[in-house]
Amino acid sequence: MEFNDVVVTVLATILTAVISYCGHLLAKNNQVLTILRALEPLAKDAVIAAQKLGVTEYLTGAAKKNHAIQSVIKALSDVGFSIEDEQIIANAVEKAFAQQRDLLKQYPQKKEN
């Protein structure tokens with residue numbers, strides 16, 4: 001084998017390994033992108049559901065937030081996704097609450113006894 005053949009073989013092997021690795025990263029990033037796209041509407045729905053729950057029983061703001069976070073985690077888990085960092089979901093829930101503040105006012109909250 002000539003030196004050029006060895007170089008071409010080595011480069012082809014390296015290129016195949018790099019392409020395979022990049023394909024793996026793209027597949028992983030595609031899953032993350034799917035989760036991020038699903039997170040916003042799930043958080044909005046969970047915040048509304050938690051607010052509606054406060055109409056019939058007294059819930060603190062922290063309890064509503066926790067309920068919304070757990071709802072999002074369950075919804076993602078039901079379709080096969082898991083998020084290791086719960087803070088990502090908490091941030092999405094807080095953002096949804098802030099964006100829907102006026103909408104949430106239409107659900108009068110039960111007072112503490």
(request) Flag the pair Gln70 / Glu86 as yes when at least one side-chain heavy-atom distance between them is below 4.5 Å, and no otherwise. (result) yes
(message) With clusters defined by side-chain heavy atoms of hydrophobic residues (ILVMFWY) lying less than 4.5 Å apart, directly or transitively, does Phe97 cluster with Leu39?
(response) yes
(request) Answer yes or no: is there a donor N or O on one side and an acceptor on the other, between the side chain of Gln51 and the main chain of Val47, under 3.5 Å? (result) no
(message) If I take atom CD1 from residue Ile48 and atom NZ from residue Lys64, how far apart are they, to the nearest 0.5 angstrom?
(response) 13.0 Å
(message) Count I, L, V, M, F, W, Y as connected when their side-chain heavy atoms are under 4.5 Å apart, and connections chain through other members. Are Ile88 and Leu42 then in the same cluster?
(response) yes
(request) Run through Ile73, Asp78, Val72 and flag the one making a side chain to side chain contact (heavy atoms under 4.5 Å, CB included) with Leu76. (result) Val72
(message) I need the minimum non-hydrogen distance between Gly54 and Gln109, along with the two atoms involved.
(response) CA-OE1, 3.1 Å
(request) Kindly indicate, with the supporting measurements, whether the criterion side chain to side chain contact (heavy atoms under 4.5 Å, CB included) is fulfilled by Lys95 and Gln99. (result) CA-CA 6 Å; Lys95 179 182 175 187; Gln99 289 177 336; 3.2 Å; yes
(message) So does Val55 get a backbone contact from the side chain of Glu57, meaning a donor-acceptor N/O pair under 3.5 Å?
(response) no
(request) Rounded to the nearest 0.5 Å, what's the gap from NZ on Lys44 to CD on Gln100? Could you check? (result) 6.0 Å
(request) Over all heavy atoms of both residues, which pair between Ala46 and Ala68 is shortest? Give the atoms and the distance, please. (result) CB-O, 3.5 Å
(message) Would a single hydrophobic cluster contain both Leu53 and Leu104, if residues Ile, Leu, Val, Met, Phe, Trp and Tyr are joined by side-chain heavy-atom contacts under 4.5 Å?
(response) no
(message) Which heavy atom of Lys110 sits nearest to which heavy atom of Thr56, and what is that distance?
(response) CD-O, 3.4 Å
